[in-house]
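Contents: one structure, followed by commentary.
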There are 2 protein chains.
Amino acid sequence: MAPNIRDIARMAGVSVATVSKVINNYPHISPKTKEKVMTVIKDAQFMPNSVARGLVKGRSMTLGMFLTTGLVHPFFVHILAGMEDSLKESGFDLLYLSQVNWNPDYSFVRHCMSRNVEGVVVFGFQRFDLNLDELVQSEIPAIFIDLDMLGKKAGYVTSDNVDGIRKSVRYLKEIGHTRIAFLTGGLESYVGKLRFEGYKQGLADLGLPYLSEYVYIGDFSRESGIEATQKFLSLDNRPTAIVCSSDMGAVGVIEAMKEAGLSVPGDMSVIGFDDIDIATHTVPSLTTIRQDTFGIGQNSIRLLLEIINNANCPPPTMIVPTELVVRDSCAPLA
Amino acid sequence: MAPNIRDIARMAGVSVATVSKVINNYPHISPKTKEKVMTVIKDAQFMPNSVARGLVKGRSMTLGMFLTTGLVHPFFVHILAGMEDSLKESGFDLLYLSQVNWNPDYSFVRHCMSRNVEGVVVFGFQRFDLNLDELVQSEIPAIFIDLDMLGKKAGYVTSDNVDGIRKSVRYLKEIGHTRIAFLTGGLESYVGKLRFEGYKQGLADLGLPYLSEYVYIGDFSRESGIEATQKFLSLDNRPTAIVCSSDMGAVGVIEAMKEAGLSVPGDMSVIGFDDIDIATHTVPSLTTIRQDTFGIGQNSIRLLLEIINNANCPPPTMIVPTELVVRDSCAPLA
DNA sequence: TTGTAAGCGTTATCAC
DNA sequence: GTGATAACGCTTACAA
């Protein structure tokens with residue numbers, strides 16, 4: 001059985017309070033007793049119980065994380081790695097809160113309070129998801145990933161989705177394209193909407209007209225890439241390039257082009273979004289917009305700790321830059 | 001501020017003890033008081049503080065998870081999804097314990113005890129990793145993923161790596177191959193060793209000879225696939241098929257074959273291991289061994305809860321079956 | 001500089 | 001059936 005603070009006190013011949021003061025590095029402790037207590041602690045391998053400590057201090061040194069159930073987001077590992085990086089030196093651990101979604105009056109807020117978490121990261125949700133409002137309006141520090149939720153203690157971090165797509169459009173224009181089509185992602189999602197916005201702005205930046213027949217409403221999937229391509233190919237005035245809201249969509253486009261006996265990038269330039277592993281391995285390899293997923297994870301925790309540590313800082317927000325990765329799926333227009 | 005049990009007691013006009021009994025569904029409570037207390041609890045949105053509860057009960061309803069620092073395992077999301085599935089109805093939450101690896105006397109065991117976790121899942125470590133022994137020999141229930149650690153309270157879950165590779169070898173034999181080469185993964189890793197073992201057993205099953213020149217010692221990477229291919233192609237008596245310990249290795253093989261002006265599967269059949277996303281998108285698409293990563297996650301938590309709930313069950317072990325996924329990278333031998 | 005003792009929010013053991 | 005009250009392991013006034 002692990003020793004507790006009373007055992008240590010007894011072994012060191014001092015009071016519990018003294019041990020506590022040593023542990024917490026309080027002043028007014030004689031070097032001699034401090035030394036003695038430290039020795040005993042080392043020998044007994046004592047480590048204060050952070051649960052009990054949390055109870056009295058009102059601080060648990062625990063952050064919470066809500067993930068959408070059944071989320072299978074390919075980047076999540078990178079985000080987690082980033083989170084860990086910020087967590088490492090902070091003394092906080094991260095509690096993955098599994099939602100009891102069969103319970104009609106389950107509440108994020110109550111789950112947080114019952115677990116005494118000092119703040120939460122929220123990822124994989126949509127704006128209209130149940131109970132999210134309650135969380136945003138609560139006093140619980142929260143950072144949302146990829147969702148622009150703002151509250152007294154709630155902020156968010158996301159990639160610069162708008163600028164990412166604008167970069168794609170600009171790049172295509174630079175290599176001569178003007179008939180640039182767009183495959184949206186799911187428009188019910190925050191990032192889906194932003195990327196669509198980026199397309200419109202990108203065209204506007206360059207003085208290109210917005211044509212609704214050059215837009216296909218998709219859902220981030222490979223299938224929607226295939227369907228979009230079929231639609232675009234049937235047009236009288238075919239586009240010469242397609243900007244996609246996801247790499248999977250772009251993969252679908254490449255497949256459909258191949259199926260139609262046409263060449264990428266010869267007959268159609270294609271740009272993806274995300275830079276997933278597959279992007280390197282398609283034929284041709286995929287030019288795409290890379291998200292700094294590690295950075296997103298890292299900053300989500302960093303910002304959360306900021307809210308927690310500065311009682312009245314305004315809820316922080318962070319837009320993480322993206323990067324255009326040029327590979328082989330785009331060609332200059334002849 | 002969230003109400004506590006005393007507030008509820010006062011509001012319901014009963015004692016704290018009574019409220020506690022209601023919360024915990026104890027007998028010997030009149031239906032009337034029970035009803036009244038329940039109503040107050042609902043109205044006040046009361047949820048017992050599980051930290052305080054943990055302190056007195058000696059149970060925290062928390063499981064821990066150790067991941068190797070900076071792990072970027074493509075399957076981790078699926079494993080986590082599986083874990084969540086088992087966690088969901090259990091009342092447990094999962095605490096991601098960030099290791100303080102700059103501290104020379106950091107200890108998994110102490111971290112667990114200080115956080116009162118009731119058990120841990122360990123993933124991404126190698127047998128010789130520091131402090132792991134201490135954990136295995138401790139009283140803390142532990143389930144290792146992909147590492148055959150056994151202790152009084154420690155078991156493991158992993159894919160059937162041996163059988164997976166044996167299936168590959170058998171399949172190739174069935175379509176006519178007898179000169180079957182093998183690309184190992186990192187042999188310092190547990191799964192790397194097992195897959196190598198599977199190759200040898202696979203040959204033995206079929207009465208095929210084991211030839212050391214048909215084995216390339218790699219490390220799961222694409223690069224080692226390229227190098228292996230170059231070596232195999234330089235042989236007098238070239239193999240007609242290569243079994244790889246990873247899909248990335250197989251991707252390297254396909255690239256190197258293309259580079260050499262040879263065809264897959266025409267000149268060489270190739271089998272991978274893992275069924276990562278890319279496997280569908282290589283040209284040709286990759287025949288491979290699929291791991292049930294969701295099942296691994298699911299069972300890791302299930303087994304852990306078993307150890308926790310049955311004081312003296314022998315440490316459980318689980319080998320999750322794999323599945324051969326036939327795509328286009330293998331062809332019958334002419 | 002050190003020790004005593006009252007909490008933190010629960011549950012469990014008794015009396016009543 | 002119900003209610004005091006002592007724990008659980010720790011921190012923190014305050015007293016000594």
Side-chain angles (χ1 to χ4, degrees), chain A residues 1-38 40-41 44-62 91 93 110-118, chain B residues 1-38 40-41 44-62 91 93 110-118:
Chain A
M1 208 48 208
N4 64 21
I5 199 172
R6 260 190 301 267
D7 299 326
I8 302 298
R10 201 178 329 107
M11 292 159 74
V14 297
S15 75
V16 228
T18 304
V19 176
S20 176
K21 283 167 192 156
V22 170
I23 294 171
N24 295 283
N25 251 313
Y26 282 12
H28 310 309
I29 284 278
S30 83
K32 219 181 96 198
T33 31
K34 180 162 181 172
E35 162 108 26
K36 185 171 50 181
V37 171
M38 293 285 255
V40 175
I41 288 180
Q45 308 241 68
F46 170 71
M47 200 173 181
N49 183 308
S50 62
V51 170
R53 175 183 283 178
L55 188 58
V56 31
K57 293 246 252 198
R59 297 203 56 172
S60 61
M61 296 309 277
T62 304
D93 286 318
R110 289 219 301 284
H111 198 165
C112 288
M113 309 211 69
S114 101
R115 284 289 187 171
N116 277 16
V117 302
E118 300 189 34
Chain B
M1 208 48 207
N4 64 22
I5 198 173
R6 258 188 302 267
D7 299 324
I8 302 300
R10 199 178 331 108
M11 291 159 74
V14 298
S15 75
V16 257
T18 303
V19 176
S20 176
K21 282 168 193 154
V22 170
I23 294 171
N24 294 282
N25 251 314
Y26 282 11
H28 310 309
I29 285 277
S30 80
K32 217 181 98 200
T33 32
K34 179 162 183 171
E35 163 108 25
K36 185 171 49 176
V37 172
M38 292 285 254
V40 175
I41 288 180
Q45 309 241 67
F46 170 70
M47 199 172 180
N49 183 307
S50 62
V51 170
R53 175 183 281 177
L55 188 58
V56 34
K57 294 247 250 197
R59 296 203 61 173
S60 60
M61 295 309 277
T62 305
D93 286 319
R110 288 217 302 284
H111 198 167
C112 288
M113 309 211 71
S114 100
R115 284 289 186 171
N116 277 16
V117 303
E118 299 189 36

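Values below: every heavy atom of this structure, side chains too, minus hydrogens, waters and symmetry copies. Just so it is clear: chains get the letters A, B, ... in the order the sequence lines come, proteins before strands, and each one is counted from 1.
Between B:T18 and D:dT2, a side-chain N or O to OP1/OP2 separation shorter than 4.0 Å is absent. In this structure, B:T33 reaches the D:dT2 phosphate: one of its side-chain N or O atoms is under 4.0 Å from OP1 or OP2. Applying the 4.0 Å criterion to OP1 and OP2 of C:dT1, one finds that A:Y26 has every side-chain N and O outside that range. For D:dC8, one of the phosphate oxygens OP1 or OP2 lies less than 4.0 angstrom from a side-chain nitrogen or oxygen of A:R6. Between A:N4 and D:dG9 there is a side-chain N or O to OP1 or OP2 distance below 4.0 Å. Contact between the side-chain N/O atoms of B:R53 and the OP1/OP2 oxygens of C:dG9 is not found at any separation under 4.0 Å. Taking 4.0 angstrom as the limit, A:N24 places a side-chain polar atom (N or O) nearer than this to OP1 or OP2 of D:dT11.
If you take CG of B:D7 and P of C:dC8, they are 11 Å apart, rounded to a whole angstrom. Here the P atom of nucleotide D:dA7 and the CG atom of A:N49 are 18 Å apart, to the nearest Å. Atom CG in A:N25 sits about 12 Å away from atom P in D:dT11, given to the nearest Å. When the P atom of C:dC8 is taken as reference, atom CD1 of B:I5 falls 14 Å away, rounded to whole Å. As a whole-Å value, the separation of A:E35 CD from C:dT1 P is 16 Å. Rounded to an integer number of Å, the gap from NE2 of A:H28 to P of D:dT12 is 14 Å. Rounded to an integer number of Å, the gap from CE of A:M47 to P of D:dG9 is 17 Å. Between the P atom of D:dG9 and the CZ atom of B:R59 lies a distance of 16 Å, rounded to the nearest Å.
Among the atoms of the strands shown, none is found under 4.0 Å from any heavy atom of A:V51. If you check every strand for non-hydrogen atoms under 4.0 Å, B:I29 touches sugar and phosphate atoms only. No contact: B:S50 has no heavy atom under 4.0 Å from any strand. Contact annotation for A:S20: base contact, defined as any heavy-atom pair under 4.0 Å involving a base atom.
A heavy-atom distance below 4.5 Å is found between the side chains of B:V19 and B:I23. You'll find the side chain of B:V14 stays beyond 4.5 Å of the side chain of B:K21, heavy atoms only. B:M47 has its side chain out of reach of A:M113: every pair of non-hydrogen atoms, C-beta onward, lies at least 4.5 Å apart.
When all heavy atoms are compared, the tightest approach of B:F46 to B:N4 is CE1-C, 3.6 Å.
Below the 3.5 angstrom threshold, one finds a donor paired with an acceptor across the side chain of A:K21 and the base of C:dG3. Not a single donor-acceptor contact under 3.5 angstrom links the side-chain atoms of B:K32 to the base of D:dG1.
A:S50 places no side-chain N or O within donor-acceptor distance of the main-chain N or O of A:R53, the cut-off being under 3.5 Å.
Taking for each of B:S30 and A:A52 the nucleotide of DNA chain D with the nearest heavy atom, the 5'-most of the two is the partner of B:S30.
When the nucleotides D:dT12, D:dG3, D:dG9 are ranked by their closest atom to the side chain of A:A17, D:dT12 comes out on top.
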Starting from the C-alpha separation in whole Å, work towards a yes-or-no answer on side-chain hydrogen bond (donor to acceptor under 3.5 Å, both in side chains) for A:T62 and B:R115.
CA-CA 10 Å; A:T62 304; B:R115 284 289 186 171; 2.7 Å; yes
